[in-house]
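Structure record follows, encoded as structure tokens.
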2 protein chains.
Amino acid sequence: MLKIETLRAYVTVARSGNLSDAAEVLGRTPSALSMMLKQLEAHLDEPLFETDRKNRLTALGAFVLEQAEREVQHFDTTVRAIEGYARAVYGRVRIATVPSVAGTIIPQVFSRYINDFGEVDVEVRDMDSSSIRHELSRNRIDIGIATKGKHDAGLHSELLLSDEFGVICAPDHPLAQQDGPVSWAELAEHRLIANSLSAGIEAAAARDLHAQALLTAQNLTSIFGMLRAKIGVTLLPEMAISAAAVGELVFRPLADATARREIHLLRKADSSISPAARFLEECIKETVATLQVGSEAALDAARLSDAP
Amino acid sequence: MLKIETLRAYVTVARSGNLSDAAEVLGRTPSALSMMLKQLEAHLDEPLFETDRKNRLTALGAFVLEQAEREVQHFDTTVRAIEGYARAVYGRVRIATVPSVAGTIIPQVFSRYINDFGEVDVEVRDMDSSSIRHELSRNRIDIGIATKGKHDAGLHSELLLSDEFGVICAPDHPLAQQDGPVSWAELAEHRLIANSLSAGIEAAAARDLHAQALLTAQNLTSIFGMLRAKIGVTLLPEMAISAAAVGELVFRPLADATARREIHLLRKADSSISPAARFLEECIKETVATLQVGSEAALDAARLSDAP
DNA sequence: TCCTGAATTTCAGCAAATCTGAAATTTACT
DNA sequence: AGTAAATTTCAGATTTGCTGAAATTCAGGA
């Protein structure tokens with residue numbers, strides 16, 4: 001049966017015009033090549049070379065050279081693609097994250113690892129957590145960075161980082177006049193502007209506050225506008241504000257340490273991800289780990305470098 | 001190193017979803033396939049299947065399947081092309097012959113061997129002998145059927161058949177009133193219409209006649225027109241007239257048996273021809289041999305069957 | 001949860017293919 | 001014709017690949 005290595009040997013010999021040089025190139029002895037070509041000619045039952053010296057091809061030889069050359073090249077290309085994909089130097093990764101991570105962690109990941117990505121094509125999108133989970137389950141993205149859903153079946157999750165909620169208000173708001181954590185009772189005395197992220201806080205006190213809230217805003221721009229207009233205060237995870245251009249607003253942490261948003265690395269549980277996706281995941285986790293070594297200090301540094 | 005047979009094994013297993021069926025298809029044992037795939041996975045340093053049962057692929061597995069499938073198909077196509085070319089069931093042969101052979105022998109060849117030509121693409125052209133030799137030496141055709149040149153260097157020749165010259169004249173011409181061979185002396189008493197074929201006769205008497213000839217015509221139609229108008233007689237090889245629609249003309253052989261046109265099978269001496277060309281050559285020679293078994297009778301038969 | 005049968009993997013030994021190095025042969029060139 | 005280089009041949013060594021049996025793993029039912 002015809003083998004690629006036979007064709008490769010023939011191409012090398014036919015092109016170099018003699019066995020010894022070809023043997024050098026291929027890293028075998030001339031005698032091995034001689035036997036290989038003999039076998040090929042026996043298989044075709046026709047000579048490929050005009051003379052014993054391999055410097056002139058028969059008509060069949062010329063035809064085989066053309067075909068074999070094309071074939072060997074095609075094969076090598078395929079092998080490169082397969083090996084490249086396996087070693088994550090080639091491929092495509094589609095990732096979707098919540099905006100705050102898209103604006104903080106992700107840029108860090110790329111600035112650290114961009115050189116290791118080779119030919120990998122990374123597609124980043126930002127969307128809200130439930131959309132991310134939906135896109136994941138429909139196989140529209142490979143990796144998601146989002147909060148977990150109540151009962152997301154078929155998704156594998158891994159805690160990436162947890163993000164402390166705090167109170168945001170205008171600098172001349174009464175709550176901005178003091179430092180330190182804010183208690184639920186303290187917060188209850190001010191008008192709350194609810195938002196989709198704060199609605200996720202599970203503490204009972206938070207639920208009560210939301211039940212009484214009169215205003216709900218969805219996007220950061222409008223929330224921040226209301227804060228500056230001193231209409232009220234809001235609750236947001238720390239990263240959500242650091243990712244945006246905050247301008248003149250004050251952040252005070254919540255006294256209730258359970259009020260956190262937990263951001264997970266999500267992927268489909270049943271199907272495997274490509275090596276490139278796995279590699280990107282590793283880069284993200286390592287980046288997060290590094291940033292958390294110096295705890296908040298490192299996170300702050302990340303934020304600063306991210307807001308020129 | 002990655003081998004085609006490994007890719008083929010992987011494709012078969014990935015498509016059938018289990019080892020045993022694939023082993024059946026490939027004609028090996030499941031254990032052989034198991035080891036092959038293990039080796040492939042080790043080479044890529046990544047799993048190709050989700051579970052030990054081979055019915056679900058990893059992301060890498062899906063990618064490799066796609067690539068390997070394409071590759072195996074490409075390889076098989078190449079091998080078919082090479083083997084087909086070698087066995088002369090595939091290829092192209094360009095052949096040029098003098099018109100008389102194009103009109104007699106060649107149709108016979110095809111009617112006998114057409115079924116053996118498979119996918120071979122045969123191109124037939126007719127032209128005069130010197131053009132044929134020229135085209136051959138420029139590698140524009142693979143096989144030529146023509147008379148030899150004076151000093152055609154680099155051409156291999158082989159006598160195919162020799163064709164007796166004779167006198168052609170109108171039925172009411174004086175020479176048509178008798179049977180049997182015509183002597184040079186007899187012929188000298190009539191006006192000769194010279195032509196490019198008769199000019200090639202080497203006999204001294206023929207040269208004298210040509211020196212005195214007043215008319216020279218190149219193509220058969222005009223020659224025959226002149227014969228019918230009783231302007232004179234001409235000398236032509238027997239096949240040249242049998243190949244054409246002769247109509248009402250009389251042929252009498254020459255007494256001088258040396259006046260023959262020798263038609264050769266020509267090809268370039270240095271470069272080899274393709275297996276398909278070689279096969280066609282064989283077919284032509286065999287056809288000629290068969291026709292000559294019954295000597296002239298057979299040739300006559302050929303002519304008859306060729307002029308419906 | 002355990003059992004059962006099927007599928008797969010492992011292992012050892014065997015067979016086939018391929019390689020090497022030396023010697024013999026052929027070829028091209030002087 | 002002689003010589004040097006290239007190629008082929010040959011035998012032995014090595015590697016690779018395959019088989020068949022046994023062990024293991026797995027899926028599905030009791």
Side-chain angles (χ1 to χ4, degrees), chain A residues 1-58 60-61 64-65 68 72 75 79 269-272, chain B residues 1-58 60-61 64-65 68 72 75 79 269-272:
Chain A
M1 177 165 309
L2 228 40
K3 287 196 280 295
I4 276 285
E5 285 315 302
T6 306
L7 296 185
R8 191 190 304 282
Y10 174 68
V11 168
T12 312
V13 172
R15 282 162 65 93
S16 74
N18 71 72
L19 282 188
S20 350
D21 292 357
E24 181 94 17
V25 172
L26 294 170
R28 345 228 87 114
T29 60
S31 98
L33 291 191
S34 175
M35 290 189 288
M36 243 169 157
L37 296 181
K38 192 177 161 194
Q39 193 180 323
L40 177 57
E41 288 183 328
H43 178 81
L44 299 178
D45 202 24
E46 290 283 340
L48 293 164
F49 299 94
E50 288 285 359
T51 67
D52 282 338
R53 302 302 171 98
K54 311 301 188 192
N55 49 1
R56 281 212 3 260
L57 303 178
T58 60
L60 173 63
V64 173
L65 175 59
V72 168
F75 179 78
V79 171
D270 49 354
S271 65
S272 71
Chain B
M1 178 165 309
L2 228 40
K3 287 195 280 295
I4 276 285
E5 286 315 301
T6 305
L7 296 185
R8 191 189 306 281
Y10 174 68
V11 169
T12 312
V13 173
R15 284 162 66 93
S16 74
N18 71 75
L19 283 188
S20 350
D21 292 357
E24 181 94 18
V25 172
L26 294 169
R28 346 227 89 116
T29 60
S31 99
L33 291 190
S34 175
M35 290 189 289
M36 244 168 159
L37 296 181
K38 193 179 160 192
Q39 195 179 324
L40 177 57
E41 288 183 328
H43 178 81
L44 299 177
D45 201 25
E46 291 281 339
L48 292 164
F49 299 94
E50 288 285 358
T51 67
D52 282 339
R53 305 302 169 98
K54 310 302 189 193
N55 49 2
R56 279 207 9 256
L57 304 177
T58 61
L60 172 64
V64 173
L65 174 59
V72 168
F75 179 79
V79 170
D270 49 355
S271 64
S272 70

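Reminder, nothing fancy here: chain letters follow the sequence lines and each chain counts from 1. No experiment lies behind these values; they were computed from the predicted model shown.
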Roughly how far apart are [X] [atom1] and [Y] [atom2], rounded to 0.5 Å?
X     : Y     : atom1 : atom2 : value
A:T6  : A:L2  : OG1   : CG    : 6.0 Å
A:I4  : B:K3  : CD1   : NZ    : 12.0 Å
B:L37 : B:T12 : CG    : OG1   : 9.5 Å

Measure [atom1]/[X] against [atom2]/[N] and give the value in whole Å, please.
X     : N      : atom1 : atom2 : answer
A:M35 : C:dG21 : CE    : C1'   : 11 Å
A:L37 : C:dT18 : CG    : P     : 13 Å
A:H43 : C:dA17 : NE2   : P     : 14 Å
A:K38 : C:dT25 : NZ    : P     : 15 Å
B:K3  : C:dT18 : NZ    : C1'   : 11 Å

Provide the full list of ring-ring contact (aromatic ring centres under 6.0 Å, His included) pairs with a residue in residues 11-39 of chain A, sequence neighbours left out, each pair given once.
none

Apply ring pair (Phe, Tyr, Trp, His ring centres under 6.0 Å) to B:F75 and list each qualifying residue two or more places apart in sequence or on a separate chain.
none

In chain order, what residues pass the salt bridge (charged side-chain N to carboxylate O under 4.0 Å, His left out) check against A:R15, with sequence neighbours excluded?
A:E69

From the 5' end of DNA chain D to its 3' end, which nucleotides mark the outer limits of contact with chain B, defined by a 4.0 Å heavy-atom distance cut-off (strictly under)?
D:dG17 to D:dC26

Does C:dT18 have OP1 or OP2 sitting under 4.0 Å from an N or O in the side chain of A:Q39?
yes

Is the closest side-chain heavy-atom distance between B:R8 and B:V11 below 4.5 Å?
no

Checking B:A14 now: which residues fulfil side-chain contact (heavy atoms from CB on, under 4.5 Å) with it, not counting sequence neighbours?
B:Y10, B:L57, B:L65

If the condition is side-chain contact (heavy atoms from CB on, under 4.5 Å), which residues does A:S20 pass it with, not counting sequence neighbours?
A:N18

According to side chain to side chain donor-acceptor pair (under 3.5 Å), who are the partners of B:E24, at least two apart in sequence or on a separate chain?
none

Going by the rule side chain to side chain donor-acceptor pair (under 3.5 Å), which residues pair with B:S272 if we only count those two or more places apart in sequence or in a different chain?
A:E50

Side chain to side chain donor-acceptor pair (under 3.5 Å): which pairs involve residues 25-48 of chain A, sequence neighbours left out?
A:H43-B:E83, A:E46-B:R278

Going by heavy atoms closer than 4.0 Å, what residues in residues 11-30 of chain A are next to DNA chain D?
A:N18, A:L19, A:S20

Could you write out each protein N or O paired with an N or O of nucleotides 27-29 of chain C at a distance under 3.5 Å?
{"residue": "C:dT27", "atom": "OP1", "partner": "A:D52", "partner atom": "OD2", "Å": "3.3"}
{"residue": "C:dT27", "atom": "O2", "partner": "A:R53", "partner atom": "NH2", "Å": "3.0"}

For the helix from C:dT1-D:dA30 to C:dT30-D:dA1, what angle lies between the axis at the first five pairs and the axis at the last five pairs, to 10 degrees?
30°

Heavy atoms only: give me the nearest B:A9-B:L33 pair and the separation to one decimal.
CB-CD2, 3.9 Å

